[in-house]
Amino acid sequence: MVGPGFHGQVYAVVRTVPAGHVVTYGDVAAALGSPRVARQVGWALAALRDDTVPWHRVINAKGRISFKGDTPRAIQQRARLVSEGIEFDATGRVDLHRLRWLLQAHPLEQM
DNA sequence: GGTTTGACCATAA
DNA sequence: CTTATGGCCAAAC
């Protein structure tokens, strides 16, 4: 249900991220053609209720789960990533240098 | 249709 | 390392 313009594209890109890899909001935004819309990517995921989208594989550029104040979701996200084989640092950060997934410009524009 | 806000990012102190 | 500020663009009010 890639409804309106931006959200659908975000979901499409996030679905292309395989397990065991992560991407930053900026990367997803850049894959959509605008590296400045990282916030909207996060906002789109905030409205997400679809389990078909691995939203937990999307983190911030610091390799960490930021959120605003809703910790429970962050904890669940971390649990899912660990379950997929993602390793977390002592500070709760992920090794982006190794687990960063290279997004494609237009994954499934007309799939 | 203007104002507010936001799961961000980069820079500065 | 953390905290603060500006900017960016789309959706919600």
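Reminder, nothing fancy here: chain letters follow the sequence lines and each chain counts from 1. Just so it is clear, the structure is predicted and the values come from calculations on it, not from any experiment.
Comparing atom distances between the A:F67 side chain and each of C:dC8, C:dA11, B:dA7 picks out B:dA7 as nearest. Of all nucleotides listed (C:dA10, B:dA7, B:dC9), B:dC9 comes nearest to the side chain of A:A61. Of the listed nucleotides (C:dA12, B:dC8, B:dA7), B:dC8 has the atom at the smallest distance from the side chain of A:S66. Here B:dC8 is the nucleotide among B:dC8, C:dC8, C:dA12 with the atom lying nearest to any side-chain atom of A:A38.
Remark on DNA chain C: of its neighbouring residues A:A47 and A:V37, the 5'-side contact belongs to A:V37, judged by nearest-heavy-atom nucleotide. Checking A:R39 against A:W43, the closest nucleotide of DNA chain C that is more toward the 5' end is the one next to A:R39.
Across all strands shown, A:A46 has heavy atoms under 4.0 Å from base atoms, whether or not it also approaches the sugar-phosphate.
Protein atom CD1 of A:I59 is 13 Å distant from nucleotide atom C1' of B:dC8, rounded to whole Å. Atom C1' of nucleotide B:dT5 and atom CG of A:L45 are separated by 17 Å, given to the nearest angstrom. Across the protein-nucleic acid pair, A:Q9 atom CD and C:dA11 atom P stand 10 Å apart, rounded to whole Å. In this structure, A:H7 atom NE2 and B:dA7 atom P are separated by 12 Å, rounded to whole Å. Rounding to whole angstrom units, CG of residue A:N60 and C1' of C:dT2 are separated by 15 Å. Atom CG in A:L48 sits roughly 11 Å away from atom C1' in B:dA7 (whole-Å rounding). The nearest whole Å value for the distance from the CZ atom in A:R64 to the P atom in C:dT2 is 7 Å. What separates OH of A:Y11 from P of C:dA10 is a distance of 15 Å, to the nearest Å.
Annotation for A:L96 and A:K62: closest pair CD1-C, 4.1 Å, computed over non-hydrogen atoms. When all heavy atoms of A:Q77 and A:I59 are compared, the closest pair comes out as NE2-CG2, 3.8 Å. Annotation for A:T52 and A:P54: closest pair O-CD, 3.6 Å, computed over non-hydrogen atoms. Shortest non-hydrogen contact noted between A:V58 and A:T24 is CG1-C, 4.4 Å.
A:Y11 places a side-chain N or O within donor-acceptor distance of the main-chain N or O of A:A44, the cut-off being under 3.5 Å.
Contact check, A:R93 against C:dC1: a side-chain N or O comes under 4.0 Å of OP1 or OP2.
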